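From a predicted model like this one, the values you see are computed outputs, not experimental measurements.
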Amino acid sequence: MVQKLEQLYEGKAKRVYRTDSPDLYLVEFKDDATAFNGAKKGTIRNKGALNNQISAVFFRLLEKRGVPTHFVELAGEREMLVKALEILKVEVVVRNIAAGSLAKRLGLPEGTALPFPVLEFYYKSDELGDPMINGYHIRALGLASPEQMAKIEETALKVNGILLEYLAGKDIDLVDFKLEFGTHKGGLVLGDEISPDTCRFWDRTTREKLDKDRFRRDLGNVEGAYEEMFRRLTGKKFE
Ligand code: C5P
């Protein structure tokens with residue numbers, strides 16, 4: 001059994017702890033919710049436990065399909081053991097349907113299907129509010145090598161294909177999502193979380209939002225949406 005040691009980092013939604021194994025970190029998911037770069041704050045009941053267990057479902061699926069992830073095992077209701085990564089400061093967003101900042105920036109009605117998956121990159125920087133960047137910025141800032149970026153793009157599109165197919169089977173449209181990558185022993189590994197905090201999930205039939213947009217836009221039944229995603233993915237009611 002791995003021992004939890006001191007906290008290394010606290011983010012808006014998670015805390016990361018060192019363990020007695022130098023290769024492993026423990027991630028604890030919080031109930032705290034923020035939006036608009038921290039301007040809106042709140043808590044979502046049981047979000048930590050739900051996002052931890054929802055992320056585990058996705059990471060296990062991706063590992064099974066040959067995508068290296070940082071996930072090792074669940075270590076409690078709201079904790080998972082992960083490989084210690086050096087996180088790259090590039091956030092990757094994959095979009096299948098226009099929503100959120102893309103709908104706004106390009107003047108597309110929310111819900112417009114995109115003809116192919118659209119990739120975007122953002123500079124992971126709380127101080128700067130995660131600005132959008134392109135491949136030139138990434139190289140100029142030395143955030144990732146061209147080889148790493150090629151692998152990141154290929155992996156992000158592969159993840160999209162796997163998740164689209166899997167979620168279609170749960171009657172969910174995958175609108176968009178954000179991924180983070182890091183390196184572990186020299187290899188590129190998918191990190192962070194895959195959850196209703198970092199993805200947009202719409203019910204395929206009703207188009208009801210089952211993600212953090214319910215919190216961002218004060219749509220109500222925020223907890224219910226996260227619980228519904230848990231139920232669709234696991235077949236179990238969240239207790
Ligand atoms: O806000 P925007 O439309 O750019 O978000 C695109 C996708 O990336 C959404 O699924 C959102 O949840 C996710 N995202 C995220 N963390 C951020 C910004 C966006 O998980 N800092």
Side-chain angles (χ1 to χ4, degrees), residues 2 4-19 21-30 32 34 47-76 78-95 119-126 130 133 138 141-145 147-163 166 174 176-200 211-212 233:
V2 173
K4 179 175 177 178
L5 299 178
E6 83 274 9
Q7 184 179 305
L8 282 174
Y9 166 81
E10 176 159 11
K12 293 192 280 269
K14 297 186 285 297
R15 295 187 188 94
V16 180
Y17 296 88
R18 210 162 64 77
T19 71
S21 163
D23 286 340
L24 300 173
Y25 290 160
L26 203 96
V27 177
E28 182 190 294
F29 287 71
K30 304 195 287 184
D32 298 348
T34 62
K47 177 170 83 75
L50 286 157
N51 280 357
N52 182 40
Q53 291 168 52
I54 289 170
S55 292
V57 169
F58 287 127
F59 284 138
R60 284 187 181 122
L61 169 73
L62 293 170
E63 285 281 352
K64 214 161 65 186
R65 301 285 296 272
V67 177
T69 80
H70 70 160
F71 179 76
V72 176
E73 62 187 22
L74 284 175
R78 59 175 62 239
E79 290 181 327
M80 65 169 62
L81 199 62
V82 301
K83 293 173 194 144
L85 300 192
E86 293 221 34
I87 288 284
L88 300 174
K89 289 188 173 299
V90 181
E91 297 190 348
V92 184
V93 169
V94 185
R95 302 181 184 268
L119 250 62
E120 294 173 351
F121 304 109
Y122 293 85
Y123 182 20
K124 188 172 159 60
S125 162
D126 283 342
D130 299 342
I133 50 177
I138 292 168
L141 294 175
L143 303 181
S145 70
E147 294 74 28
Q148 283 174 326
M149 286 314 295
K151 189 78 194 160
I152 283 174
E153 287 197 22
E154 181 195 319
T155 307
L157 292 173
K158 179 172 177 179
V159 168
N160 187 47
I162 295 168
L163 297 187
Y166 175 77
L174 178 63
D176 56 34
F177 59 97
K178 185 220 34 172
L179 299 176
E180 293 186 23
F181 292 87
T183 55
H184 180 77
K185 298 182 177 168
L188 190 78
V189 176
L190 183 61
D192 197 48
E193 66 183 287
I194 304 177
S195 74
D197 270 15
T198 63
C199 306
R200 287 195 173 94
D211 56 60
K212 197 171 151 190
L233 299 182

| task | Keeping the roles fixed (side chain from T19, backbone from L24), state whether a donor-acceptor pair exists under 3.5 Å. | result | yes
| Do H184 side-chain atoms and K83 backbone N/O form a donor-acceptor pair below 3.5 Å? |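 Checking the backbone N and O of K83 against the side chain of H184, no donor-acceptor pair under 3.5 Å is found.
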Who are the salt bridge (charged side-chain N to carboxylate O under 4.0 Å, His left out) partners of [X], not counting sequence neighbours?
X	result
E147	none
R78	D31
D211	none
R95	E120, D176

| query | Is atom NZ of K30 surrounded by more than 12 heavy atoms (other residues, nucleotides or ligands) closer than 6.0 Å? | reply |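 Enclosed.
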About how many Å separate [atom2] of [Y] and [atom1] of [X], when rounded to the nearest 0.5 Å?
X	Y	atom1	atom2	result
F121	I133	CZ	CD1	8.5 Å
L8	R18	CG	CZ	7.0 Å
K212	S195	NZ	OG	8.0 Å
L26	S21	CG	OG	11.5 Å

Locate the shortest heavy-atom distance separating [X] from [Y]; write the atom from each residue and the value.
X	Y	result
V189	T69	CG1-C, 3.2 Å
N51	P196	OD1-CD, 3.2 Å
Q148	T183	NE2-CG2, 3.6 Å
G76	N52	O-ND2, 3.2 Å

| request: For side chain to side chain contact (heavy atoms under 4.5 Å, CB included), just list the numbers for E79 and K4, CA-CA rounded to whole Å, side-chain angles, deciding distance to a tenth of an Å, and then say yes or no. | output: CA-CA 11 Å; E79 290 181 327; K4 179 175 177 178; 2.7 Å; yes
Test: [X] and [Y] ion pair at under 4.0 Å:
X	Y	answer
E63	R65	no
E154	K151	yes
K47	D32	no

[X] versus [Y]: any side-chain heavy-atom pair under 4.5 Å?
X	Y	result
V27	R15	no
E73	M80	no
S55	F29	yes
L143	Y123	yes
L174	V94	no
K124	V90	no
L179	D192	no
L188	L88	yes

| task | On the 0 to 90° scale, with breaks at 30° and 60°, tag the F58-Y166 ring pair as parallel, tilted or perpendicular. | result | perpendicular
| task | Could you pull out all residues at least two apart from Y17 that satisfy ring-ring contact (aromatic ring centres under 6.0 Å, His included)? | result | none
| message | Using side chain to side chain contact (heavy atoms under 4.5 Å, CB included), reason through V16 and E10 one step at a time and then give a plain yes or no. | response | CA-CA 6 Å; V16 180; E10 176 159 11; over 6 Å; no
| note | From the list I194, V159, V93, side-chain contact (heavy atoms from CB on, under 4.5 Å) with F177 holds only for V159
| field | Pair E193-K14, side chain to side chain contact (heavy atoms under 4.5 Å, CB included): steps then yes or no | value | CA-CA 10 Å; E193 66 183 287; K14 297 186 285 297; 2.6 Å; yes
| Between H70 and Y25, does the ring centre distance come in under 6.0 Å? | no
| query | With sequence neighbours excluded, what pairs up with E86 under the side chain to side chain donor-acceptor pair (under 3.5 Å) test? | reply | none
| task | Give the C-alpha distance, both sets of side-chain angles, the deciding distance and a yes or no for side chain to side chain contact (heavy atoms under 4.5 Å, CB included) between D23 and K185. | result | CA-CA 9 Å; D23 286 340; K185 298 182 177 168; 3.2 Å; yes
| Test salt bridge (Lys or Arg N to Asp or Glu O under 4.0 Å) applied to E180 and K178, step by step | CA-CA 7 Å; E180 293 186 23; K178 185 220 34 172; 2.8 Å; yes
